Amino acid sequence: MLEHIELFFKSIFVDNMVFAYFLGMCSYLAVSKKVSTAVGLGAAVIFVLTVTVPLNWFLDQYILQEGALAWLDGNRETPELSKYADYDLSFLSFILFIATIATMVQLVEIIVEKFSPSLYNSLGIFLPLIAVNCAILGGSLFMQSREIETAGLALNYGFSSGIGWFIAIVAIAAIREKIRYSNVPAPLRGLGITFIITGLMAIGFMSFGGMLTGGDDEAPKPETNTAVEVPKEEKKIESDNETAQAVVSENNQ
Amino acid sequence: MGLLSKKDTKLILDPLADDNPITIQVLGICSALAITAQLKPSIVMAVSVIFVLGIGNVVISLMRNIIPSKIRIIVQLIVVATLVIIVDQVLKAFAYELSKELSVFIGLIITNCIIMGRFEAFALGNGPWRSFLDGVGNALGYGVILIIVGFFRELLGSGTLFGIKVLGDSVEKTGLYAIGYENNGFMVLPPMALIVVGIIIWIQRSRNKALIEEN
């Protein structure tokens with residue numbers, strides 16, 4: 001239980017996808033002009049990460065790792081007896097992970113559209129974008145390289161990294177909405193100031209670094225996650241065509 | 001310019017400055033920032049992206065008429081993933097230390113938005129040779145920013161370039177350190193990458209007013 005709690009807070013604050021690893025920066029910068037769209041994309045990222053990280057964990061455990069194929073001839077417990085013991089398919093992980101992600105995103109899109117049109121309307125536009133969000137693939141690759149042990153922890157890791165990303169994008173969107181009224185030097189307007197603010201926010205998040213290392217009497221308190229309890233808003237999709245450009249950048253030829 | 005017509009040269013040169021993928025198009029920032037604490041990984045990353053984007057653009061361009069548009073994203077991802085696996089395996093074989101250092105970020109070239117962006121915006125509508133030039137040009141523009149950021153972060157953060165102590169020895173107080181210079185340890189931390197890129201954008205847009213965004 002304790003490891004779950006620790007992983008949860010660590011993934012949100014200490015190893016925040018955006019501030020510690022710069023993952024998903026493209027959509028982070030492109031879709032953070034309004035809080036409402038940011039909430040939509042953030043929710044979609046949480047959702048997809050929660051689904052794909054555990055799935056890829058199973059792929060990693062049962063297909064990709066060295067000796068993982070041992071279950072094929074019934075030697076799951078004693079891989080060294082299996083004739084598949086020497087098979088190491090981990091070089092295939094990129095292609096398998098990204099295929100899983102792309103398929104899952106497509107599948108999720110179809111299912112959501114069928115069963116919950118209102119959710120689809122709020123998330124739908126963001127879902128295709130997510131297949132190429134670095135944070136999603138990054139989640140799976142970190143899961144693999146950190147050798148997360150159980151499927152439960154993988155699920156936890158996916159979910160909490162998603163929340164970390166959500167917090168980051170909603171926070172920057174809120175700041176950008178306000179900064180529109182400030183007198184920013186002209187060349188810094190838009191992109192430049194967003195970079196610098198993100199840098200400052202990252203410095204702020206670094207102060208969470210000591211959160212989990214101070215003594216072992218646990219109970220890490222996530223103080224001050226600064227007003228990002230965002231009410232579930234009803235989406236506004238007007239400005240969504242600008243989001244689509246994040247990936248499918250404008251066809252200017 | 002026997003080999004390259006004027007238009008072709010533009011394809012290569014434009015992304016280096018006025019249409020830079022990182023500072024203007026805002027693509028490919030994901031993997032760009034995390035690995036720029038030192039110069040060497042930045043260069044390796046730049047070269048990898050040049051390889052992947054150059055070849056990938058040609059492949060997609062050759063297949064552009066037979067890819068059904070509904071599944072094109074998956075086709076593109078598979079093409080990139082294959083190329084990235086090649087890069088990853090080559091690095092593991094010949095530069096193991098470096099590939100450990102770059103860790104997941106080589107894999108993340110797959111989801112680098114520059115690559116998908118150029119496939120979508122260029123390779124799907126143009127012939128192989130022009131696509132190749134466009135790919136190389138954009139990857140070069142990406143690499144230039146990476147190298148600039150890596151240069152400053154390594155120089156100011158650790159006082160070295162490629163691991164060579166160019167500013168003198170900080171322990172024995174030689175060179176610049178003799179007159180009281182100190183390394184700025186902050187530069188090697190992740191947040192400074194963002195701020196350095198922010199400053200590059202600032203400088204670039206001050207010099208070229210046409211690039212300034214509306215508020």
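By convention in this document, chain letters (A, B, ...) are assigned in the order of the sequence lines, proteins followed by strands, and residues within each chain are numbered from 1. The figures here come from the full heavy-atom set of this structure, side chains too, leaving out hydrogens, waters and symmetry mates. Predicted model, so just to flag it, every value in this text is computed and none were measured.
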(request) Against chain B, work out which of A/Ile193, A/Leu200, A/Leu141 has the most heavy-atom pairs shorter than 4.5 Å and name it. (result) A/Leu141
(message) Do B/Leu194 and A/Phe22 have side chains that approach each other closer than 4.5 Å (heavy atoms only, starting at C-beta)?
(response) yes
(message) Once rounded to the nearest 0.5 Å, what's the spacing between atom CG of B/Leu77 and atom CD1 of A/Ile101?
(response) 9.0 Å
(message) Quick check: closest heavy atoms across A/Phe195 and B/Gly198, and the distance to 0.1 Å?
(response) CB-CA, 3.8 Å
(message) Between B/Ile201 and A/Leu188, is the side-chain contact (heavy atoms from CB on, under 4.5 Å) condition met? List the steps.
(response) CA-CA 7 Å; B/Ile201 293 175; A/Leu188 267 181; 5.7 Å; no
(message) Using heavy-atom distances under 4.5 Å, tell me whether A/Phe19 contacts chain B through its side chain, its backbone, both, or neither.
(response) backbone
(request) Under 4.5 Å heavy-atom distance to chain B, tell me which part of A/Gln144 shows up: side chain, backbone, both or neither. (result) neither
(message) A quick test of your reading: do over 12 heavy atoms of other residues, nucleotides or ligands sit less than 6.0 Å from CZ of A/Phe159?
(response) no
(message) For a quick test of reading the model, state the closest non-hydrogen atom pair linking B/Arg205 to A/Arg189 and the distance between them.
(response) NH1-O, 3.8 Å
(message) So for A/Met201, is it side chain, backbone, both, or neither that comes closer than 4.5 Å to the heavy atoms of chain B?
(response) neither
(request) Considering only heavy atoms and a distance below 4.5 Å, find which of B/Ile74, B/Ile200, B/Ile195 pairs most often with chain A. (result) B/Ile195
(request) Heavy-atom distances under 4.5 Å only: say whether B/Ile203 touches chain A with side chain, backbone, both or neither. (result) neither
(request) Pick one of side chain, backbone, both or neither for A/Thr198, based on which atoms fall under 4.5 Å of a heavy atom in chain B. (result) both
(message) Please classify the contact of A/Leu29 with chain B as side chain, backbone, both or neither, using a heavy-atom distance under 4.5 Å.
(response) side chain
(message) Could you report the tightest heavy-atom contact between B/Pro191 and A/Gly199, atom names first, then the distance?
(response) CB-O, 3.4 Å
(message) Just verifying a value: how many Å separate A/Ile136 CD1 and B/Leu108 CG, rounded to the nearest 0.5 Å?
(response) 11.5 Å
(message) Quick check on the structure: residues of residues 80-90 of chain B within a heavy-atom distance below 4.5 Å of chain A, by number.
(response) B/Ala81, B/Thr82, B/Val84, B/Ile85, B/Asp88, B/Gln89
